[in-house]
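In what follows, every chain begins at residue 1, and chains take the letters A, B, ... in the order their sequences are listed.
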Number of protein chains: 2
Amino acid sequence: MNFDQADAINQAIRRLSLRHRARTAALLAPLGLHPGQEALLLELARTGPMIQAQLSEALGVEPPSVTLMTRKLEASGHIRRAPAPSDKRASIVELTDSGKALTDQVKRLWCALAEETVTGLPAQTVAELPGVLNTLSGNVDARRLAV
Amino acid sequence: MNFDQADAINQAIRRLSLRHRARTAALLAPLGLHPGQEALLLELARTGPMIQAQLSEALGVEPPSVTLMTRKLEASGHIRRAPAPSDKRASIVELTDSGKALTDQVKRLWCALAEETVTGLPAQTVAELPGVLNTLSGNVDARRLAV
DNA sequence: ACAAGTTGGTTATGCGCCTAACTATTATGC
DNA sequence: GCATAATAGTTAGGCGCATAACCAACTTGT
């Protein structure tokens, strides 16, 4: 592949990352959330209580990041951490009532954001979008590459 | 749009951002670069010497980020900053010889990364990819929205 | 010509994410 | 049964990115 094509792709991914994150930040700010935290809340809402290692895997983020994110979300009262009875190393993370309420609001924003994001694209492209993007992610996933 | 569709899109973008950045970091590490810096070098190679405000605009990044990035790249000898003769506030940024050589290496990595990224996708999808991604970015671009 | 507004840049601070190095617990192999 | 390895989590430090607040220099309006 020549450089111009490659650059167009890489640069487009970079710009999308920056702009989508910035837009997410702007939408979450009124809720007192920072981008990244919404993913943790949504994952807990989807899967139910889970330990940090599972969150790390599900979010595609390293354990130290989970430590800090959970600490902050716990401090703001949206999640709760309790020691796991079966494994003294692990701590179980779950949504509080306030966290559940907040997650409902996040879900609404999430729909608005997705609609805004795909505006102007043909329906078929939109339908194929998640698959295409996940192929891209999978292709550069260091974890998968390492296996 | 229902939540599942929206989440599929937003989550796919998030994962792509994380994984593509991580892969970029892994590829740039041997060159002593961190992700983000390559964009600055490539922009300087593409456009020639420019002031930081132009870099900020071209990279889609805020001025304070440019201040820190240029400072670090200057410290490692890849770029040079000189006061602009016509405007005493501005500083002109340009590649050093070492920076030019490094950028050539970055270009090679850039091609390899793009090829790796789009592996397994049909040629037409790849051809349309930059346009689609730029549409997405444009749709959530706060600058465009503000206008 | 000068006050007022705009623009270029920096400093301070905070967040998410990372790697490296560490502790504490659990699982494994001989 | 005990040393060794693997796993859960934390701490420390670094980078890119952001916003807020600020200074210095340029531009503009009257």
Can you tell me the distance, in whole Å, between the [atom1] atom of [X] and the [atom2] atom of [N]?
| X | N | atom1 | atom2 | result |
| --- | --- | --- | --- | --- |
| B/Leu33 | D/dG14 | CG | C1' | 15 Å |
| B/Glu57 | C/dG8 | CD | C1' | 14 Å |
| A/Arg23 | D/dT19 | CZ | P | 13 Å |
| A/Lys88 | C/dT25 | NZ | C1' | 9 Å |
| B/Gln54 | C/dT7 | CD | P | 14 Å |
| B/His20 | C/dC17 | NE2 | C1' | 17 Å |
| A/Leu40 | C/dC15 | CG | C1' | 14 Å |
| A/Leu18 | C/dC17 | CG | P | 14 Å |

For the side chain of [X], counting heavy atoms from C-beta on, which of [options] is nearest?
| X | options | value |
| --- | --- | --- |
| B/Leu68 | D/dC26, D/dC17, C/dC15 | D/dC17 |
| B/Glu62 | D/dC17, C/dT25, D/dT19 | D/dT19 |
| B/Gln52 | D/dT10, C/dT10, D/dA18 | C/dT10 |
| B/Thr67 | C/dG9, D/dT10, D/dT19 | C/dG9 |
| A/Arg21 | D/dA8, C/dT25, C/dC17 | C/dC17 |
| A/Arg89 | C/dG9, D/dC17, C/dT26 | C/dT26 |
| A/Arg71 | C/dT10, D/dT11, C/dG8 | D/dT11 |
| A/Asp87 | C/dT26, D/dG16, D/dC17 | C/dT26 |
| B/Val61 | D/dC15, D/dC17, D/dT10 | D/dC17 |

Exercise. Tell me which of A/Ile92 and B/Pro85 sits closer to the 5' end of DNA chain D, going by the nucleotide each one is nearest to.
Key: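 It is A/Ile92, whose closest nucleotide lies nearer the 5' terminus.
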Practice problem: Tell me which of A/Val66 and A/Arg14 sits closer to the 5' end of DNA chain D, going by the nucleotide each one is nearest to. | Solution: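 Result of the comparison: A/Val66.
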Quiz item: Does a side chain donor of either B/Ser56 or B/Glu62 reach within less than 3.5 Å of an acceptor in the other side chain?
Solution: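 Judged by distance alone, the side chains do not pair up.
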Quiz item: Between B/Arg81 and B/Thr70, do the side chains contain an N or O donor and an N or O acceptor separated by less than 3.5 Å?
Solution: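 A pair is found: one side chain offers a donor N or O, the other an acceptor, under 3.5 Å apart.
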Self-check item: Sugar-phosphate, base or nothing in reach of A/Pro64, heavy atoms under 4.0 Å
Solution: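 The answer is base, as A/Pro64 lies within the cut-off (heavy atoms under 4.0 Å) of a base atom.
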Quiz item: Taking 4.0 angstrom as the limit, do A/Arg23 and B/Asp141 come out as a salt bridge?
Solution: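 Salt bridge between A/Arg23 and B/Asp141, a charged N being under 4.0 Å from a carboxylate O: no.
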Quiz item: Can B/Arg46 and B/Glu43 be counted as an ion pair, charged N to O under 4.0 angstrom?
Solution: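 A salt bridge links B/Arg46 with B/Glu43.
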Quiz prompt | Backbone N/O of B/Thr119 and side chain of A/Asn139: donor-acceptor pair under 3.5 Å | solution =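 Here the side-chain-to-backbone pair exists.
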Quiz item: Does B/Thr117 reach the main-chain N or O of A/Leu136 with its side chain, forming a donor-acceptor pair under 3.5 Å?
Solution: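 Side chain of B/Thr117 to backbone of A/Leu136: no pair is present.
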Does a nitrogen or oxygen in the side chain of [X] sit under 4.0 Å from OP1 or OP2 of [N]?
| X | N | result |
| --- | --- | --- |
| A/Arg15 | D/dC17 | no |
| A/Gln37 | C/dG16 | yes |
| A/Ser65 | C/dC18 | yes |
| B/Lys72 | D/dG16 | yes |
| B/Ser91 | C/dG9 | yes |

